[in-house]
Number of protein chains: 2
Amino acid sequence: MPADSSATKARILAAGERLFAESGFEAVSLRGVAREADVQIALVHYHFGSKEGLYKAVWAQRYAGLADLRQARLPTVDFDRERVAVLRDLVDLFVTPLMAGPDAHRFLKIMAHEYADPREPERGVVKAYIDPVTRQLLDAFRKALPGLADADVGWGYQAMTGALMMNVVDVDRATRLTGGAARSGDTKAALPALREFIVGGWLALADRRQAGGSAQDAAEGETRQALPE
Amino acid sequence: MPADSSATKARILAAGERLFAESGFEAVSLRGVAREADVQIALVHYHFGSKEGLYKAVWAQRYAGLADLRQARLPTVDFDRERVAVLRDLVDLFVTPLMAGPDAHRFLKIMAHEYADPREPERGVVKAYIDPVTRQLLDAFRKALPGLADADVGWGYQAMTGALMMNVVDVDRATRLTGGAARSGDTKAALPALREFIVGGWLALADRRQAGGSAQDAAEGETRQALPE
DNA sequence: AGCGATATTTAGCAGATGATCAAATACGAT
DNA sequence: ATCGTATTTGATCATCTGCTAAATATCGCT
């Protein structure tokens with residue numbers, strides 16, 4: 001077999017991954033990828049068929065790693081413990097891939113852009129790649145919080161995902177708004193806070209029924225009614 | 001002044017708002033807007049100068065309403081109460097504009113897309129419109145949770161924002177993953193859970209120092225170290 | 001050396017997009 | 001009625017996009 005095709009192919013893949021992480025699928029041009037990989041545009045099509053093919057190749061290469069990180073640890077979680085302890089483990093399972101090196105973090109940015117992309121359904125990578133793992137995690141949270149309604153498990157998971165993704169997507173807003181106290185790219189610093197926030201969110205959700213004094217509930221009702229429209 | 005320019009201008013604005021809410025700034029074409037408004041493309045430029053001009057006109061028209069809803073209520077919050085009660089009010093302040101009618105919800109979708117858009121800095125609407133209000137809310141949360149470090153206030157706010165935005169952006173995933181128990185567009189159903197989650201998150205963040213048994217902390221440390229790369 | 005298969009380059013196409021300009025139209029004031 | 005201005009239209013540009021076909025290069029094999 002002629003030429004070292006695998007090397008250039010890998011170079012294109014890496015270039016694509018970098019740009020997709022920066023800007024998301026739509027905003028990346030194949031010309032940009034070609035320039036970044038120091039390659040002709042047609043070569044991208046030769047190796048990956050299409051822009052979407054390149055994108056999905058990135059997913060195929062990287063998602064497995066993230067998924068394994070979660071799936072491998074899931075069976076080791078001991079559900080016969082204090083609720084908080086189990087939750088901490090599960091949230092950790094969900095959130096720590098962030099720190100699994102720059103590669104994982106870069107791909108997480110791709111995931112975050114994908115979640116928010118209005119054209120995501122056309123590609124279907126979330127459904128194909130992420131959903132299977134998510135179902136397992138949903139089951140795990142359902143198991144950890146047996147009293148929680150199925151709908152609330154869904155909302156909780158959604159909130160958790162959103163909290164994480166916003167952190168990943170943010171480029172400079174946190175820095176700007178906190179005057180540098182929280183630096184936007186610094187996930188290492190954000191992670192403990194994020195994890196604590198999410199665990200607390202799940203707990204509050206699970207304790208919803210018995211929580212909330214009647215005085216506050218009344219005030220809330222009033223608040224809601226007072227809003228226009 | 002001839003012709004009823006204001007009517008067609010409003011029609012274009014409404015069409016733009018609808019499409020921007022569906023697909024975000026980049027994915028909307030002026031041709032689509034023109035078709036939706038039953039108008040020639042050039043007319044969009046005549047009235048709004050550019051695509052970005054139309055987009056910013058939508059912001060100018062709608063953001064004030066959302067901001068007022070928050071800013072008007074902010075001074076009425078009584079900080080001399082139980083921490084939980086104050087937090088509930090603040091989170092409510094942040095989150096209830098969701099329910100202020102279909103217009104507000106549509107614009108919230110625009111906001112959500114804007115947050116996640118990698119090209120957002122080029123437009124700067126977040127910085128120009130949202131940030132000022134956000135700074136006030138950040139101060140309020142800082143005031144409500146005096147022990148919390150500035151950085152953590154930032155991370156908490158970011159997590160809160162993300163949780164809300166993910167709910168708004170999601171089109172069908174929640175439905176798909178919960179088998180219909182949680183329906184994606186049903187913000188009315190999601191809102192109580194979302195609010196509870198967020199309040200719980202803030203509380204957990206505030207109690208971070210004294211929380212967490214040493215056994216769990218040890219387990220966490222181990223977890224983190226065990227991750228590859 | 002020369003053949004065949006794989007890689008890579010060159011050049012270009014068709015489509016869509018945002019934007020622009022001159023001409024046409026509609027309207028109000030005079 | 002007519003003029004002048006505001007509004008609307010139609011046609012067109014320049015640019016960018018993903019993509020493709022054909023020519024060329026590179027290598028292993030016999």
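Convention: sequence-line order gives letters A, B, ...; per-chain numbering from 1. Nothing here was measured: the structure is a model prediction, and the numbers come from that model.
- Counting to the nearest Å, the P atom of C:dA7 and the CD1 atom of A:I12 are 11 Å from each other.
- A cation-pi arrangement is absent between B:R119 and B:F25 under the rule of less than 6.0 angstrom and at most 45 degrees off the ring axis.
- Between A:H45 and the phosphate of D:dA21, there is no side-chain N or O to OP1/OP2 separation shorter than 4.0 Å.
- We find that CG of A:L43 is positioned 19 Å from P of D:dA22, with the value rounded to whole Å.
- OP1 or OP2 of C:dT8 lies within a sub-4.0 Å distance of a side-chain N or O belonging to A:T8.
- As judged by a 4.0 angstrom heavy-atom cut-off over every strand, B:V33 is placed among residues making no nucleic acid contact.
- For the pair B:K9 and B:F48, the cation-pi criterion (under 6.0 Å, within 45° of the ring axis) is fulfilled.
- Here the C1' atom of nucleotide D:dT12 and the CD atom of B:Q40 are 13 Å apart, to the nearest Å.
- Rounded to an integer number of Å, the gap from A:I41 CD1 to C:dA11 P is 13 Å.
- Judged purely by distance below 3.5 Å, without hydrogens or angles, the side chains of B:D170 and B:S184 pair a donor atom with an acceptor atom.
- Rounded to whole Å, the distance from CD on B:E26 to P on C:dG18 is 10 Å.
- Between the side chains of B:T178 and B:R183, no donor-acceptor pair of N or O atoms lies under 3.5 Å.
- OP1 or OP2 of C:dA7 sits under 4.0 Å from a side-chain N or O of A:Y46.
- Between the NZ atom of B:K9 and the P atom of D:dT8 there is a distance of 11 Å, given to the nearest Å.
- Under 4.0 angstrom from either OP1 or OP2 of C:dA16 there lies no side-chain N or O belonging to B:S29.
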